[in-house]
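Read the structure below first, then the notes.
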Amino acid sequence: MAFTLIFIMVAMALSACGSTTPAPGAAGGASTDAGKTTASTLDAIKKRGKLVAGVKFDTKLFGLKDPGTGKVEGFDIDLAKALAKQILGDETKLELKEVTSKTRIPMLNNGDIDMIIATMTITEERKKEVEFSDVYFKAGQSLLVKKGSAIKSVADVKKGVKALAVKGSTSTTNIRAKAPEATVLEFENYQEAFTALKAGQGDTLTTDNAILYGMVKQDPNYEVVGGTFTDEPYGMAIRKGDTAYTAYVNEFLKSIKTSGQYDKLYEQWIGEKPSK
Ligand code: GLU
């Protein structure tokens with residue numbers, strides 16, 4: 001009799017426990033399907049036989065889609081290819097999905113993409129929503145202007161100056177903090193912002209220096225001025241809680257650094273050796 005009672009009490013305690021404990025990985029309400037966040041992305045990629053990477057289509061040197069050929073190219077793209085090769089033994093087992101600065105975190109959390117490799121700065125704010133790999137590129141925010149512009153540095157971005165930036169980027173937040181008097185106009189992506197600058201809708205376009213150098217390559221009538229006024233360390237972003245895949249990606253980054261592949265790609269796209 002006593003035994004039966006204890007048994008029932010234990011069973012009740014266990015079931016109560018089961019109903020109140022939240023599913024692992026469900027924290028933050030990141031996904032409607034808890035399974036997506038609980039199981040490691042690595043297993044999902046292997047099962048599917050394809051890595052789905054969220055990359056930029058609007059950023060020369062990192063991820064730019066050529067409208068003629070339909071090919072997407074850049075440093076981020078080549079890193080995604082190398083990762084697909086490492087996981088699946090074949091760099092073509094890769095799907096590149098376009099993200100913008102604004103859509104990348106929602107797309108990751110919806111399960112649309114396995115990860116973000118898209119000029120994304122590691123910030124404390126973003127760490128609340130995603131996991132970040134180790135730093136794979138060091139950028140800093142700067143200013144792009146038409147050659148001969150009176151703007152020489154961020155100190156010149158004063159009242160009456162129109163600064164163009166992209167929605168969802170750290171660049172918009174940073175320029176508002178550094179140049180609170182200026183007017184900031186926000187665009188959906190970098191090609192739109194650059195088109196607006198060329199059409200005279202603004203006085204300067206502000207974002208990471210590396211992105212701006214890509215624009216100078218597209219149109220040498222523009223130049224990057226004033227050095228950098230922030231640090232923008234890039235990381236690959238992974239769904240919150242997926243520490244297994246984050247660790248895998250960090251090992252991947254170490255392995256391509258050791259093999260020399262990282263340096264080769266860096267030089268190919270950035271045009272110089274990575275700083276140590
Ligand atoms: N690295 C900055 C950021 O993550 C600017 C580049 C971008 O918009 O992706 O916001």
Side-chain angles (χ1 to χ4, degrees), residues 51-87 90-101 104 113-122 132-144 166 169-171 189-191 193-194 205-225 227-228 230-237 249-250 252-276:
L51 165 67
V52 184
V55 297
K56 292 287 184 74
F57 279 17
D58 66 341
T59 306
K60 192 168 169 71
L61 305 180
F62 287 88
L64 183 71
K65 186 171 183 172
D66 181 325
T69 63
K71 268 178 93 181
V72 191
E73 290 177 324
F75 185 53
D76 283 342
I77 308 304
D78 282 352
L79 291 177
K81 284 183 185 169
L83 180 57
K85 169 119 176 123
Q86 179 128 330
I87 302 172
D90 182 350
E91 68 165 39
T92 67
K93 292 191 169 157
L94 171 69
E95 186 183 340
L96 300 169
K97 274 202 189 169
E98 181 179 13
V99 298
T100 65
S101 305
R104 62 193 158 192
I113 50 177
D114 292 318
M115 67 194 302
I116 301 165
I117 313 178
T119 67
M120 186 167 179
T121 301
I122 301 169
F132 277 110
S133 73
D134 294 337
V135 176
Y136 71 89
F137 185 83
K138 289 181 188 152
Q141 190 168 339
S142 195
L143 302 167
L144 182 75
V166 165
S169 67
T170 52
S171 327
N189 64 54
Y190 285 100
Q191 290 307 314
F194 192 28
L205 192 165
T206 184
T207 187
D208 302 337
N209 53 354
I211 297 176
L212 299 177
Y213 291 135
M215 293 176 181
V216 170
K217 285 209 161 160
Q218 291 178 312
D219 189 336
N221 293 315
Y222 290 81
E223 63 180 346
V224 180
V225 293
T228 57
T230 68
D231 288 326
E232 307 289 330
Y234 292 178
M236 300 185 182
V249 169
N250 284 336
F252 156 75
L253 287 173
K254 272 192 204 130
S255 76
I256 58 167
K257 283 186 180 168
T258 310
S259 73
Q261 191 184 4
Y262 173 87
D263 283 28
K264 217 179 110 207
L265 292 176
Y266 191 105
E267 275 191 74
Q268 179 190 330
W269 288 107
I270 312 304
E272 59 187 49
K273 285 192 194 314
S275 60
K276 294 288 168 201

* To do: Determine whether more than 12 heavy atoms belonging to other residues, nucleotides or ligands lie under 6.0 Å from atom NZ of K85.
  => no
* To do: Verify whether one side chain among S101 and S169 offers a donor that lies under 3.5 Å from an acceptor in the other.
  => no
* Does anything in residues 59-75 pair up under side-chain hydrogen bond (donor to acceptor under 3.5 Å, both in side chains), and if so which pairs, sequence neighbours excluded? -> none
* To do: Evaluate the ring planes of F75 and F62, with Trp represented by its six-membered ring, and classify them as parallel (under 30°), tilted (30 to 60°) or perpendicular (over 60°).
  => perpendicular
* Between the side chains of K138 and S275, is a donor N or O closer than 3.5 angstrom to an acceptor N or O? -> no
* Side chains of L265 and L79: does their closest heavy-atom pair fall under 4.5 Å? -> yes
* Which residues pass the salt bridge (Lys or Arg N to Asp or Glu O under 4.0 Å) test with E91, sequence neighbours left out? -> none
* Asked: Would you find more than 12 non-hydrogen atoms of other residues, nucleotides or ligands less than 6.0 Å from K93 atom NZ?
  -> no
* Pick out which of L61, I211, V55, T207 makes a side-chain contact (heavy atoms from CB on, under 4.5 Å) with T119. => I211
* **Under 3.5 Å side-chain donor-acceptor pair for D76 and Y234** => no
* To do: Say whether, by atom type as modelled, one donor and one acceptor occur between the side chain of S142 and the main chain of G227 under 3.5 angstrom.
  => yes
* For Y222, what residues pass the ring-ring contact (aromatic ring centres under 6.0 Å, His included) criterion, not counting sequence neighbours? -> F194
